[in-house]
Amino acid sequence: MAKQDGNSHPGAPRDEHSTMVHEHIVEIVSDSGEGAQKCGVTFGTVSAKMGNGAWTVEIIPAEIKPPSRSRDGASGIRIRLGDHEITNMGDAADLVVAFNEQVLYGRIGQGAYHEGTVVLLENKWANDPSPQIRQAYADGVADFHDRGFVVHELAMEEACLAHTENPKLGKNMFVLGMLCWIYQRDVEMTLGEIAAIFSKKGEQVISLNQKLMQAGVEFARERLTYCFNVPCMDVDHELLVMNGNQAVGLGVMAAGIEMVSMYPITPATSASHYLAASIQSVGGFVHQAEDEIAAVGFAIGCSYAGKTACTITSGPGLALKMEFIGLAVMGEIPLVIVDVQRGGPSTGLPTKPEQGDLMAAMYGSPGDSPKPIIAAATIEECFHLIITARTIAEAFRTPVIVLTDAGLATGVQPIPRPEPCEEWLAPPVDQSPWKQGVPPYDWDEETGLSPRPIPGQRGGEYVLTGLAHTGQSKVAYDPASNIKGLEMRSRKLAALRATLKPPKIHGDDEGDLIVVGWGSTLGSIEEAVDRARADGYRVSSLHIRFLWPLEPGLRDIFMRFDKVMTIELNYSDPQHGLMMETQPGRPPHLALMLRGRTRRDIDYWSICQGLPLRPGQIHEVIMDRLHGMGLTGNEPQPVEAAMGSESCSG
Amino acid sequence: MFGLKKDWSLDVLPRYFTLEDYEGAIARWCPGCGDHAVLAAVQRICRDEQLLPEKTIIVSGIGCSSRFPHYMKTYGFHGLHGRALPVACGVKARRPDLHVWVATGDGDCCSIGAGHWLHAVRYNMDMTVMLFDNNIYGLTKAQTSPTSRPGQRTNTHPFGAWLPPLNPTLATLGFTNVSFVAKTVDWNPVHLHATLDAAFKHKGFSFVHIHQRCPQYTAKIYEAMQQDPSTILLLNHENGIQLDPAVAGMYEHQMAHDPLNHNEAVALAGREDLLPIGIFFQNESRPRYEQVTTIGMEMTTEERIAGLNRELDRFAI
Ligand code: SF4
């Protein structure tokens, strides 16, 4: 565990030219298969170990094997590191290592860079046998200069050739070495990481990769005239580094869920991949079902028989599971359903984040189908909310939907190590005789709660049915029984709501504007709000985890702000223009829900680009709203350039 | 309260179950519906085997026959149309101690739930699956089912069904990892009982195709067969079903068929001249999915927490 209080790490190379920065965003982009991700993950891990806040996110092309040197094929990784906790991927990158100019264009198209971004570009294309490639490269370099990038054309591959015959495979470790020098990472620690990554491949591979890494350090030292120092924080607790899907997987195991029943779907599947490789450590099983419907049905069967089960899916899979989820509501079967949201509708954007499933989760099952819905806002919550969901599912005898998204699924962040305890695990199956005379749905009038007979419990025999039924689970078509069942199932949500606390406000308890969000946008929203607050604006935010039942106290909180707006990562109609002047456009999910539930006029802004929300984007929206309200903050302080520009050579 | 053991010693049973102990609500099928006979046979097997009612589960889908669990006094799961098999497999996955029966119809199993059918056969989990085949959708009032015969008039094909019917026995024999396939008829209670009994005792996924009369909508289709036993080919074998000679004597066409002979089973299932009944195929050596789904069940809380800590360690930096 790294522990120190100085500005730079003792193991790091020191350079008098280093510029101190509070944070930096680095990207490595390449054709797929060039190992950029391995390089970035190692860089992120070393940074986290040294005590930097870090957020790592993979840049994934939509195709498995896109053609090389193609814009759509841009593959790679972004690492945002800072001297404080980093909760999101940030805005434009400060430095990028690009293996060809075309993949860089792929990222330019996604707004990944700004004027001043340092580009370390592989230059072998300048001498390519193909005249088209030479031309494309030359054009690219000229254009990058025009865009204001600080371009360094570097013979990285050539330098690797001194150490390996196949630089395409080893270049990533060479680049890792370069980054080690640029950010003054602990070289010994990095060598150790390399040894760990390649431990299964043998000594020869380890030492080759270590050699390449060290060559990268030297290469950068000789050619680059500047480097950066991102001060480290004190780390006094153990840290784990993982992505949101791994956190979901660990949460499933920590919750004592024995059966994971799934069908492959992006971006949820990597959670099941992780579980398939690991759940045997806790005695569980991953069932790959024949389809999404069977996956949830199998989990329901397992749960009906008293064993805890979950199913993990994404939007299209959630749609297919809806009839069964309705049955679980009707028959009051505990079940955890994880929906890792992606872009929709239909096949949509399978690898991209969107918060488009809230309404489907709430109302996707026909008829009245109340069930708790909770949304994870951080990677850490991806872990803990699964345990919460499992507990609620059993205590309230209900399916529970946990929403995460592709952004959380692929984002990697250090989180404090959780301490597993027995209470997290599901209790063993109760096989004691069922109390005589107690019906299978012995609903408590006030809460709708009832104990559940489990097969094997003598005297508890009942037939679970999806038909309307009495407390005895007898099919009943009469109005009174139907109303009773509906009320009892709905009352459980009211009972759960009574246990919830009002959400914490980020910022002051009252002010001009409060921004309301849910899910993966937490980090970006709070960062944007902090920026506005630093400029003297009276802005706060709050983030909702319990969407159904809705966390209490919202109306009171909203009353204390002049304006309430949601910021969401989903589609809404523009509020002005088109035909919206005469008829209001369609608001996004949370705004629509909050309007109904709090009877307040809720403003909104949402976007659906297939990209995570960036703090800069949100900041702009906030400023736009505040200016629209006629408000001005303090004179904004001139912000120091993130880079020491005078020491950069173009 | 008493049971006689094989060695003639007397065993005092703490609990003894009569037929009544398995009888739930009064069955509401139409008078003369073949489902009544199947219910009686299952209740008899439960009684004969002294199955603990609390350890017995009937899982069903939606349809006339899927009302089955309501008429038993065991645990039951009356779920969704077509989805009995995934639920039943899920029940069995971590509860191998439970006796699982599945009631499903020709629409439920062979149409809306057909995808699950072939995979459940492949999973080969220990359960007894009864396909109630009346060639029609009864509950929703006479729509064509996948086993409806060409020319059969239904509400969805008032001028007669057109497509050739699906042959569930033949299809099941073709699914990978099949381990038990039998066919019986509801109107011969002795054969029905013997078949279901063999199916229940088979370790694995036992698929029993039951030709079931629906006097309400398809009164005619099994009439000839019922009245004329010479339309039926009785399969018997020392490894299969051996009926009481008094009952077997009814059938002029009989054949010794070894249930291990898959090729012959396929040929029999495809026969159109006679309706073969009995065990077509049985092989207990096929892998059963619960051999792996149950792994780790005995792990203690301490072991689980230790395992979890090891997993967390893998992410430590
Ligand atoms: S409609 Fe046919 S299958 Fe349904 S209960 Fe009546 S006779 Fe039986």
Side-chain angles (χ1 to χ4, degrees), chain A residues 45 48-49 238-242 246 250 253-254 256 258-259 261 278 280-285 287 289-291 293-307 309 323-324 327 331 414 417-418 420-422 425 453 455-467 474-475, chain B residues 24-25 52-59 62 67 69-70 72-83 85-95 97-98 115-116 118-120 122 289 292-299 301 303-317:
Chain A
T45 303
K49 265 192 181 178
E238 269 189 88
L239 290 175
L240 307 181
V241 170
M242 65 182 70
Q246 289 164 330
L250 283 161
M253 294 196 282
E258 281 184 50
M259 178 60 70
S261 183
S278 308
Q280 56 277 9
S281 323
V282 294
F285 188 77
H287 169 59
E290 60 269 27
D291 59 40
I293 298 174
V296 64
F298 194 96
I300 282 177
C302 204
S303 176
Y304 171 78
K307 299 291 190 161
E323 191 189 9
F324 253 128
L327 175 69
R417 183 194 170 106
C421 61
E422 202 177 324
L425 300 178
Q457 284 194 286
R458 182 178 170 184
E461 296 86 355
Y462 77 110
V463 179
L464 183 140
T465 179
L467 283 158
K474 297 286 176 245
V475 176
Chain B
L52 295 175
E54 69 268 24
K55 292 258 190 181
T56 307
I57 298 192
I58 322 284
V59 181
I62 295 292
R67 290 298 179 102
H70 292 281
M72 295 284 294
K73 215 193 277 171
T74 62
Y75 279 90
F77 193 107
H78 179 206
L80 300 181
H81 193 29
R83 319 294 173 206
L85 289 171
V87 171
C89 293
V91 167
K92 196 72 188 176
R94 301 290 279 186
R95 291 297 304 270
D97 58 317
L98 300 176
H116 309 309
L118 74 102
H119 288 279
R122 193 164 68 103
Y289 194 34
V292 289
T293 61
T294 51
I295 289 173
M297 274 177 52
E298 63 301 323
M299 218 179 243
T301 304
E303 287 169 334
R304 277 168 213 255
I305 290 179
L308 180 60
N309 273 314
R310 278 198 307 279
E311 282 303 319
L312 291 170
D313 287 343
R314 286 173 51 192
F315 294 92
I317 56 167

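Quick note on labels: first sequence line is chain A, next is B, and so on, each numbered from 1. Treat the numbers as computed from the prediction; the structure is a model and nothing was measured.
Closest of all the heavy-atom pairs between A/Val463 and B/His78 is CG1-CB, 4.1 Å. Scanning all heavy atoms of the two residues, the minimum distance from A/Gly456 to B/Arg95 falls at CA-NH2, 4.1 Å. Closest of all the heavy-atom pairs between B/Arg94 and A/Gly284 is NH2-CA, 4.2 Å. Minimum interatomic distance between B/Leu308 and A/Leu250 (heavy atoms only, all atoms of both residues): CD1-O, 4.0 Å. Residue B/Arg304 comes nearest to A/Glu258 through the heavy atom pair NH1-CG, 4.0 Å, listed as atom of the first residue, atom of the second, then distance. Taking all atoms of both residues into account, the shortest heavy-atom contact from A/Leu327 to B/Gly79 is CD2-CA, 4.0 Å.
With respect to chain A, the highest number of heavy-atom pairs below 4.5 Å among B/Lys55, B/Arg83, B/Glu298, B/Glu303 belongs to B/Arg83. Considering only heavy-atom pairs separated by less than 4.5 Å from chain B, the leading option among A/Ala295, A/Gly283, A/Ala289 is A/Gly283. Of all the listed residues (B/Gly307, B/Ala306, B/Gly296, B/Pro86), the one sharing the greatest number of non-hydrogen pairs under 4.5 Å with chain A is B/Pro86. Of the listed residues (A/Ala294, A/Gly331, A/Gly466), the one with the most heavy-atom contacts under 4.5 Å to chain B is A/Ala294. If you tally non-hydrogen atom pairs under 4.5 Å between each of A/Pro418, A/Ala309, A/Gly297 and chain B, the highest count goes to A/Gly297. The candidate from B/Ile57, B/Asn309, B/Thr301, B/Leu98 with the greatest count of non-hydrogen atom pairs under 4.5 Å with chain A is B/Asn309. Ranked by non-hydrogen atom pairs under 4.5 Å with chain A, the options B/Thr293, B/Ile305, B/Leu52 are led by B/Thr293. Contact count against chain A (heavy-atom pairs under 4.5 Å) is highest for B/Pro53 among B/Pro53, B/Ala88, B/Ala93.
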What side-chain donor-acceptor pairs closer than 3.5 Å can you find for residues 299-307 of chain A, not counting sequence neighbours?
from	atom 1	to	atom 2	distance (Å)
A/Ser303	OG	A/Pro334	O	2.5
A/Tyr304	OH	B/Gly76	N	3.4
A/Tyr304	OH	B/Gly76	O	2.9

For residues 310-317 of chain B, run the donor-acceptor check on the side chains, cut-off 3.5 Å, and write out each pair with its distance to 0.1 Å, sequence neighbours left out.
from	atom 1	to	atom 2	distance (Å)
B/Glu311	OE1	A/Tyr274	OH	2.7
B/Glu311	OE1	A/Ser278	OG	3.2
B/Glu311	OE1	B/Arg314	NH1	3.0
B/Glu311	OE2	A/Ser281	OG	2.9
B/Glu311	OE2	B/Arg314	NH1	3.2
B/Asp313	OD1	A/Arg417	NH1	2.5
B/Asp313	OD1	A/Arg417	NH2	3.1
B/Arg314	NH1	A/Ser278	OG	3.4

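Proximity to chain A (any heavy atom under 4.5 Å) is restricted, for B/Thr74, to the backbone atoms N, CA, C and O. In this structure, the portions of B/Val292 lying under 4.5 Å from any heavy atom of chain A include both its backbone and its side chain. For a residue to count as touching a neighbouring chain, one of its non-hydrogen atoms must lie under 4.5 Å from one of that chain's; by this rule A/Met259 touches chain B with the side chain only.
Distance check: B/Thr56 OG1 to A/Glu461 CD gives 8.5 Å after rounding to the nearest 0.5 Å.
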Q: Show the numbers, then the answer: is there a side-chain contact (heavy atoms from CB on, under 4.5 Å) between A/Ile293 and B/His116?
A: CA-CA 9 Å; A/Ile293 298 174; B/His116 309 309; 4.2 Å; yes
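In this structure, the side chains of B/Tyr75 and A/Gln457 come closer than 4.5 Å at one or more pairs of heavy atoms.
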